[in-house]
Structures are given as structure tokens and as C-alpha cells.
Chemist: 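If you scroll down you'll find the structure; I have some questions about it.
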Amino acid sequence: MSGEQASGGLPETAAEHTGPDTEEREVVAGRPRKGMFGVTGTGDTSGYGGLRLPAYVPPAAERPFGGWFDEVADGLFEGMNNRGVPPEAVLRITVDREEITFYVDPEYLVEICRIFRDEQRLRFEFCSSVSGVDYGPEVPRRLHSVYHLTSMTYRRRIRVEVAVDAEEPRVPSVVEVYPTADFQEREAWDMFGIVYEGHPGLTRILMPDDWHGHPQRKDYPLGGIPVEYQGAEVPPPDQRRSYT
Amino acid sequence: MSIDADQAAGSRSGGDPFSAEARETTEGRVYTVTGGDWDDFLDDADREERVVINLGPQHPSTHGVLRLVLELEGERVTKARSVIGYLHTGIEKNTEYRTWTQGVTFVTRMDYLAPLYNEAAYCMGVEKLLGISAPKRAETIRVLLMELNRISSHLVFLATGAMELGSTTGMTYGFRDREEVLHLLEFLTGLRMNHAFIRPGGVAQDLPENHREKILEFCKVMDSRLTDYDKLFSGQPIWKQRLQGVGHLPLDACLALGTSGPILRSAGLGWDLRKIQPYCGYEEYDFEVPTSTDADCFARFLLRVEEIRQSLRIVRQCVDKLESGPVMVEDPKIAWPAQLTVGPDGMGNSLEHVRKIMGQSMESLIHHFKLVTEGFDVPPGQVYVPVEAPRGELGYHMVSDGGTRPMRVHVRDPSFVNLQAFPAMAEGGLVADVIAVVASIDPVMGGVDR
């Protein structure tokens with residue numbers, strides 16, 4: 001994590017962390033890719049099979065973020081200071097495609113959401129969306145829980161994101177702050193197996209109650225059968241040639 | 001069975017617990033018949049008149065395959081829960097196995113009453129990820145199609161809502177007029193529903209000739225038809241009695257439960273993304289956002305009828321605003337290589353283009369092949385794109401890892417989120433009001449379950 005993030009009169013953030021701890025807290029939002037056309041071994045005559053692309057890591061934004069982003073970030077850190085949330089709770093702030101994302105420590109998620117909702121300068125009173133994202137088995141802390149918050153007072157939108165391990169997928173539930181997260185957290189549990197601790201009734205919502213597995217994880221097969229069409233056999237979509 | 005064996009079974013301790021007890025008397029053998037848990041049931045019934053009923057998922061009044069579990073005390077609903085998932089089709093997962101362009105044909109099938117909103121929001125998401133914007137004419141066409149779609153969606157609300165409340169005339173009116181919209185959409189896009197007409201970078205095709213006359217003709221027809229709904233419903237005592245003061249949801253509850261669209265506006269907040277965070281050039285159109293402070297089912301009905309009027313206003317403005325120009329971005333790495341033309345057998349590539357790639361330019365052929373089979377790369381990152389769909393905020397959260405397929409497409413469907421407000425609206429009311437409440441939420445199960 002770069003050190004620039006802490007500039008601009010902010011309290012010191014997680015930028016202080018160095019060494020293996022930094023590695024551990026690094027946010028990876030993409031999977032490393034290798035080769036092309038899904039061909040491995042001798043079948044590849046194109047030479048593209050040797051391509052290696054590292055996983056995408058969203059770059060930390062530098063102050064000033066521009067527009068109202070700085071105001072929101074300042075308001076957040078002030079609120080965290082007032083409520084005794086350590087500044088390290090915000091792992092990284094990124095600004096991409098005119099959208100600001102706060103990667104936060106799952107431990108402080110509920111308190112941070114409460115700050116976003118209640119602080120006079122922030123007023124994100126509407127939680128638009130909660131969604132799970134799975135970046136695939138090879139990515140550290142592959143399961144992300146993403147919250148899109150809307151401020152109707154100031155007409156702003158931000159994104160709050162937490163990342164957890166697939167082995168220990170525990171995220172505190174924000175239902176007590178945003179009751180609308182109820183169904184959406186149930187959906188993320190159902191589809192990704194993210195356990196929202198403190199949710200009033202975390203049960204499956206779209207899949208049957210006795211279903212095994214979490215269908216939208218990357219290692220869960222899409223399913224499907226080959227189809228014969230005009231004499232040729234078309235494989236199911238997840239077994240077709242993939243170009244990336 | 002021998003008598004001895006029968007007597008052995010008669011004692012409840014062993015054998016079949018549900019068999020009748022028997023004892024020998026001077027009159028002969030007497031059986032005492034008891035039901036398995038009949039005593040427990042009677043005990044319960046003494047204490048309270050609590051009945052749990054299940055409504056749906058196959059029920060004509062639950063607005064699709066929605067299942068409602070209601071706990072009743074007499075006629076009054078003390079607890080209400082909705083059970084969903086009967087129409088889950090895994091569209092979000094499926095899009096991860098297709099190119100960004102193919103995704104359009106999937107998302108259009110989610111909220112099947114508002115297919116063009118799904119397409120538009122999805123394509124705006126892809127465009128935001130790519131850092132491009134659709135040409136002006138394409139944006140105007142998108143607005144035009146979305147507003148036509150809003151009209152058809154609200155007409156289905158009127159039709160199904162009326163049918164669920166017992167007014168079959170309302171149903172025939174609603175579906176009759178929706179058919180007008182669908183005919184027009186078929187003329188404009190080629191399909192009645194699930195158009196896949198809006199594509200990343202623009203729209204698939206320019207509007208056909210005489211579109212102006214057809215659209216204006218449609219607007220004229222709708223103007224005359226809309227008065228029917230006022231005549232039939234707005235002042236009608238039965239309709240008012242069924243809806244007024246029913247399904248009350250105040251503004252603070254709306255915000256807490258994430259409710260958007262006509263339900264939020266019926267509680268007094270004029271929150272319409274077309275005005276608040278304009279997209280597709282909505283800031284250039286002249287229209288109003290109707291609101292009410294009644295926060296009941298009747299207000300939601302009135303708002304939707306008024307929204308149809310406002311949509312017609314926007315449609316008329318679109319027709320005038322349509323300026324000539326391309327309907328797809330110029331970039332040949334994104335735009336489909338050939339404009340589609342209608343051949344004698346329906347849709348097809350233009351012969352000119354086929355002649356070029358087959359006879360003249362091998363590079364063009366390779367490019368065409370790669371773009372169609374492989375698709376285009378989208379730089380890594382994530383976006384959230386909301387639009388104001390007929391039911392509220394339809395948001396697309398899309399994540400790309402730099403490949404030709406989405407990493408994740410999450411749809412924040414307004415029906416799904418609004419349905420959470422159902423218990424808050426229905427509890428404490430009568431059983432009959434439950435139907436009115438569900439009709440006023442107007443959930444589309446294709447969108448709820450995705």
C-alpha cells in the first residue's frame with residue numbers, strides 16, 4: 001500500500017503497515033490470468049499460451065480525490081475519530097470511473113456504516129445494494145461483500161467493500177443499520193456462502209433450503225449438457241473455449 | 001390378526017401409536033378413537049384463534065410465483081412473510097460465461113415487464129467500464145424505448161392489479177392498451193419483449209422508416225385510452241374502498257427498507273433518478289415527477305397513471321429530438337462489424353459487408369470472427385449504474401477483471417428490494433388487503449428471483 005493516501009491532513013491510515021502485514025491486507029480485485037484460448041500444453045501453437053497477467057489490484061487514490069470525494073473521506077475520518085474507530089479500519093480508498101470505494105476492515109464495518117448513515121456531513125441514509133463478489137480460488141480473500149450507499153440529502157453515491165477468506169467467510173451484518181440489507185445479505189449468503197453474523201435470520205432465499213453449495217462461487221460449476229445441432233455437438237457454456 | 005395380538009397393540013406403549021385403544025367390557029370390546037395430536041390441537045385452539053395459511057406460489061392473486069405465508073387471527077393478518085426463489089434461473093451466473101455483448105440477451109429476461117431498462121442499465125454499465133458513451137441518437141432512442149416500456153409496465157400493473165382485486169374490466173383495458181405498446185415496440189425493435197435491442201455502445205439498429213408517424217399515432221391512441229382508467233377507477237367507490245388507507249408505508253420506513261420508485265414517491269419524496277442523477281440526457285426533457293403524501297395503495301395507483309401521462313410527454317419530445325447520426329459508437333473494436341439489414345428471410349448481415357470480408361479483406365474477416373466469437377476486452381474495475389425503472393431503482397453492479405466476459409454482474413432489482421416492505425404494509429391489515437398490498441408493490445418475479 002502506498003504512503004500517499006495518508007496525506008492531506010488525515011490521521012495516519014493503514015499506510016503505516018509494512019512487510020508481510022501489508023501483503024495480507026492488500027486488496028486483490030481480479031484473478032491472475034495466463035495463456036489464451038484456454039489451451040494448455042502442446043495444443044497451443046500460437047505462442048500466446050505463455051502470456052502471464054498479474055491479478056488486478058485497484059490502485060490507492062491520492063489526495064485530493066476531487067469533487068466531493070474529499071469531503072466524504074474527511075467526514076468519515078472525523079466520525080471515526082469521534083467514535084473511537086481506529087483509522088486503520090479503512091484499508092484503502094480508490095477512485096475509479098468517478099466512483100469512490102472504501103475498502104474497510106470487516107471488524108469495523110457496522111460502525112463505519114453507522115457513521116456514514118448518521119454523520120451530519122455524510123448522511124448516506126439509503127443502502128442501494130448489497131452484493132457478493134467471488135474473485136476465484138487463486139485470489140487471497142476472494143469473497144467480497146460490496147455495499148452501495150446513497151445519500152439522498154447530498155445526492156451522492158459511494159461504495160464500501162470488505163474482503164474475507166473463503167475458509168472463514170464471516171462478515172458482520174449491517175441489517176441493524178440498514179434494514180434493507182436483510183434480503184440482500186440472505187442472497188449473498190445463498191449465492192456465495194458469506195456468513196453475515198448478527199443477521200436476524202440468515203437462511204437461503206433463492207435456492208431451496210436443502211441445497212448444497214453456493215452456486216455463484218467461481219468453483220461451483222455452471223452445469224449444462226452438450227447439445228447436438230445440425231450434426232455437430234455444442235458443449236455446455238462452461239466447457240466452451242474461453243478466450244481469456 | 002389374532003385377538004391376543006390385537007390386545008397387545010391396543011396399549012399405546014408398544015406397537016402403532018395411532019391405533020385405537022381397546023378394552024373389554026360386558027357389552028363387548030370398546031375402542032377409544034383418538035387422533036394423533038388432536039388433544040394438542042384442541043389445547044392450542046382454546047388459547048388463541050391463530051391460523052397460518054399459505055398463499056401461492058401458484059395463485060392467481062399473488063402476482064406471479066410469489067408465495068405468502070400469513071398468520072391470521074380471524075380476518076386480521078398478524079404476521080406476513082414472503083417466500084421467493086421459485087423463478088430463480090441463475091442469470092447472473094450465466095452472464096459470467098458469455099461475452100459482454102451476449103449478456104444483454106440474458107439481462108433482458110430478468111424483469112420481463114421492463115426488459116429495455118435492464119438492457120439500458122446493463123449497457124450503460126459496460127460503457128462506463130469501457131469509458132465510452134453512446135452517440136446522441138442512440139441515447140434518444142434509448143429514452144424513447146424506456147419510456148414506452150414504462151407505459152407498458154404500468155399498464156400491466158393496472159391490468160393485473162385490477163384483476164387481483166376483482167375488476168376484470170380493468171384487466172381487459174390494461175392488456176388491450178399494453179398490446180398497443182408491444183405492437184409499437186415490435187415495429188421499432190423487431191420483438192415484443194426481450195428485445196436485446198440496446199447493445200454496449202449504442203443500439204443494434206436504427207429505427208425503421210415511418211417510425212415518427214407510428215409513434216405519434218400511438219400517443220394519440222393512448223391519450224384517448226388513458227381517460228378510461230380515470231373513468232373506471234379514479235372515482236369509483238369500490239376501488240377507493242379497497243385501496244385507500246391500505247398498505248400504509250411512511251417515508252422513514254421506505255428509506256429504512258430501501259424502497260424506491262412509486263412506493264417511495266407515494267410517501268412524499270420526489271426521488272426519481274431521471275431528475276436527481278440524470279442519465280441518457282434526461283435533463284433535456286420536460287416532465288414532472290408526480291408525488292403524493294398519502295402513502296397508501298390508492299396513491300400508488302394514481303401515481304402510476306400519472307407517470308404514464310408523463311412518459312407520453314417524454315416520448316413526444318423524443319420524436320422531435322431524434323437527430324440524424326450514428327446509433328453505435330465508431331470504434332470498430334466494440335461496434336458490431338456490420339449493420340444488420342433486413343433480408344428477404346428476415347434479419348441478416350448486409351450483403352455488402354459479407355462480400356467485403358469473404359472476397360476482399362482477410363483482416364476484416366479475422367476481425368469480424370474475433371469480435372463475434374471472442375468479444376471485446378473490458379478494462380478491470382467495477383461500476384454501479386442505477387436507472388429509474390418502473391418499479392424503482394434498478395442498479396447494475398458490474399465487475400470486470402480485464403477479460404472478455406464479466407467477472408460479476410449483480411442486479412439490484414427494485415422488485416426484490418421493495419418486496420421486503422410487504423410485511424410492514426400487510427401486517428395489522430385484513431386478508432383482503434394483502435392482495436391490494438402485493439398489487440401496489442407490483443413485484444415481477446422474474447426480477448425478484450433472477
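The structure displayed is predicted, hence computed values, not measured ones. Throughout, protein chains are lettered first and strands after them, A, B, ... in sequence-line order, and every chain is numbered starting at 1.
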Chemist: Which atoms of B/P379 are under 4.5 Å from chain A, going by heavy atoms: the side chain, the backbone, both sets, or neither?
Modeler: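 Its backbone and side chain both get close to chain A.
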
Chemist: Heavy-atom cut-off 4.5 Å, strictly under: side chain, backbone, both or neither for A/R217 against chain B?
Modeler: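 Looking at A/R217, just its backbone touches chain B.
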
Chemist: Where do B/A256 and A/P179 come nearest, in terms of heavy atoms and distance?
Modeler: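 Nearest heavy atoms, B/A256 then A/P179: O-CD, 3.4 Å.
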
Chemist: Is A/D134 in contact with chain B via its backbone, its side chain, both, or neither, using a 4.5 Å heavy-atom distance?
Modeler: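 Only the backbone of A/D134 comes within 4.5 Å of chain B.
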
Chemist: What closest approach, in Å, do A/F126 and B/G258 show between heavy atoms, and which atom pair accounts for it?
Modeler: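 A/F126 and B/G258 have their closest heavy atoms at CZ-O, 3.4 Å.
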
Chemist: Give, as side chain, backbone, both or neither, the part of B/Q382 having an atom under 4.5 angstrom from any heavy atom of chain A.
Modeler: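 Both backbone and side chain of B/Q382 come within 4.5 Å of chain A.
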
Chemist: CZ of B/F416 to CD1 of A/I205: how many Å apart, nearest 0.5 Å?
Modeler: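 Nearest 0.5 Å value for the CZ-CD1 distance: 4.0 Å.
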
Chemist: When heavy-atom pairs shorter than 4.5 Å are enumerated against chain A, which of B/G90, B/G395, B/P386 gives the highest number?
Modeler: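 Top count of heavy-atom pairs under 4.5 Å with chain A: B/P386.
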
Chemist: Please look at A/T94 and chain B and tell me whether the side chain, the backbone, both or neither of the residue comes under 4.5 angstrom of a heavy atom of that chain.
Modeler: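 For A/T94, neither part sits under 4.5 Å from chain B.
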
Chemist: So, B/R98 side chain and A/P237 main chain: donor-acceptor pair closer than 3.5 Å or not?
Modeler: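 It does not hold such a pair.
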
Chemist: For B/L394, is it the side chain, the backbone, both, or neither that has a heavy atom closer than 4.5 Å to a heavy atom of chain A?
Modeler: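 Neither; nothing under 4.5 Å.
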
Chemist: Between B/Y86 and chain A, which part of the residue has a heavy atom less than 4.5 Å away: side chain, backbone, both or neither?
Modeler: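 Neither the backbone nor the side chain of B/Y86 comes within 4.5 Å of chain A.
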
Chemist: For salt bridge (charged side-chain N to carboxylate O under 4.0 Å, His left out), just list the numbers for B/K128 and A/E99, CA-CA rounded to whole Å, side-chain angles, deciding distance to a tenth of an Å, and then say yes or no.
Modeler: CA-CA 11 Å; B/K128 199 170 178 188; A/E99 293 180 15; 2.6 Å; yes

Chemist: So which heavy atom on B/L129 is nearest to which on A/R97, and how close?
Modeler: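 Heavy atoms of B/L129 and A/R97 come nearest at O-NH2, 2.8 Å.
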
Chemist: Under 6.0 Å from the NZ atom of B/K275, do we count more than 12 heavy atoms belonging to anything else shown?
Modeler: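 Above 12, so yes.
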
Chemist: Work out which heavy atom in B/V448 is nearest to a heavy atom in A/L206; give both atom names and the distance.
Modeler: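 Heavy atoms of B/V448 and A/L206 come nearest at O-CD2, 4.0 Å.
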
Chemist: Given heavy-atom pairs under 4.5 angstrom as the criterion, report whether the side chain, backbone, both or neither of A/E161 touches chain B.
Modeler: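 Looking at A/E161, just its side chain touches chain B.
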
Chemist: Report the C-alpha distance between B/H88 and A/M191 in whole Å, list the side-chain angles of each, state the deciding distance to 0.1 Å, and finish with yes or no for side chain to side chain contact (heavy atoms under 4.5 Å, CB included).
Modeler: CA-CA 11 Å; B/H88 178 59; A/M191 291 295 147; 3.4 Å; yes

Chemist: Please classify the contact of A/R204 with chain B as side chain, backbone, both or neither, using a heavy-atom distance under 4.5 Å.
Modeler: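 Neither part; nothing is under 4.5 Å.
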
Chemist: Let's test your reading of the structure: which of B/L87, B/D401, B/V417, B/V411 forms the most heavy-atom pairs below 4.5 Å with chain A?
Modeler: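 If we count pairs closer than 4.5 Å to chain A, B/D401 comes out on top.
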
Chemist: Side chains of A/T150 and B/Y384: does their closest heavy-atom pair fall under 4.5 Å?
Modeler: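 Answer no - side chains too far apart.
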
Chemist: For a quick test of reading the model, state the closest non-hydrogen atom pair linking B/Q420 to A/D182 and the distance between them.
Modeler: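 Minimum heavy-atom contact is OE1-CB, 3.2 Å.
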
Chemist: Does A/E125 reach the main-chain N or O of B/L255 with its side chain, forming a donor-acceptor pair under 3.5 Å?
Modeler: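 Not a single qualifying donor-acceptor pair exists.
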
Chemist: Is B/V399 close to chain A through its backbone or its side chain, or both, or neither, when contacts mean heavy atoms under 4.5 Å?
Modeler: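 The side chain, not the backbone.
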
Chemist: Please say whether more than 12 non-hydrogen atoms of neighbouring residues, nucleotides or ligands are located less than 6.0 Å from CD in A/E138.
Modeler: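 Yes, because the 6.0 Å sphere around CD of A/E138 holds more than 12 heavy atoms from other groups.
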
Chemist: Is the closest basic N to carboxylate O distance between A/E187 and B/R412 below 4.0 Å?
Modeler: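 Salt bridge between A/E187 and B/R412, a charged N being under 4.0 Å from a carboxylate O: no.
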
Chemist: Is chain A contacted by the side chain of B/V83, its backbone, both, or neither, given a heavy-atom distance below 4.5 Å?
Modeler: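 Contact with chain A: none, neither part.
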
Chemist: How long is the gap from CG on A/D238 to CG on B/N94, to the nearest 0.5 Å?
Modeler: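 The distance works out to 9.5 Å.
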
Chemist: May I have the step-by-step check of side chain to side chain contact (heavy atoms under 4.5 Å, CB included) for B/R408 and A/F192, ending in yes or no?
Modeler: CA-CA 12 Å; B/R408 169 94 169 102; A/F192 293 93; 3.3 Å; yes

Chemist: Is it the backbone or the side chain of B/T259 that comes under 4.5 Å from a heavy atom of chain A, or both, or neither?
Modeler: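 For B/T259, the contact with chain A is made by the backbone alone.
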
Chemist: Taking every heavy-atom pair that is under 4.5 Å apart, which of A/E98, A/Q184, A/M152 has the most such pairs with chain B?
Modeler: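 Among A/E98, A/Q184, A/M152, the one with the most close pairs to chain B is A/M152.
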
Chemist: What part of A/F183 gets within 4.5 angstrom of chain B, counting heavy atoms only: side chain, backbone, both, or neither?
Modeler: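 For A/F183, the contact with chain B is made by backbone and side chain together.
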
Chemist: Does the distance from a Lys or Arg side-chain N to an Asp or Glu carboxylate O, for A/R157 and B/E393, drop under 4.0 Å?
Modeler: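 Yes, A/R157 and B/E393 are salt-bridged.
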
Chemist: Would the distance check show the side chain of B/K93 and the main-chain N or O of A/K218 forming a donor-acceptor pair, the cut-off being under 3.5 Å?
Modeler: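 Between the backbone of A/K218 and the side chain of B/K93 there is no qualifying donor-acceptor contact (under 3.5 Å).
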
Chemist: Can you tell which part of A/V177 gets under 4.5 Å to a heavy atom of chain B, answering side chain, backbone, both or neither?
Modeler: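 When you check distances to chain B, no heavy atom of A/V177 falls under 4.5 Å.
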
Chemist: What part of A/P215 lies closer than 4.5 angstrom to a heavy atom of chain B: side chain, backbone, both or neither?
Modeler: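 For A/P215, the backbone is the part near chain B, not the side chain.
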
Chemist: Under a 3.5 Å threshold, yes or no: a donor from one side chain and an acceptor from the other, between B/H397 and A/S129?
Modeler: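 On atom types as modelled, these side chains do not qualify, holding no pair under 3.5 Å.
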
Chemist: Which pair of heavy atoms, one from B/Y97 and one from A/Y220, lies closest together, and at what distance?
Modeler: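 In terms of heavy atoms, the two residues are closest at OH-O, 4.1 Å.
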
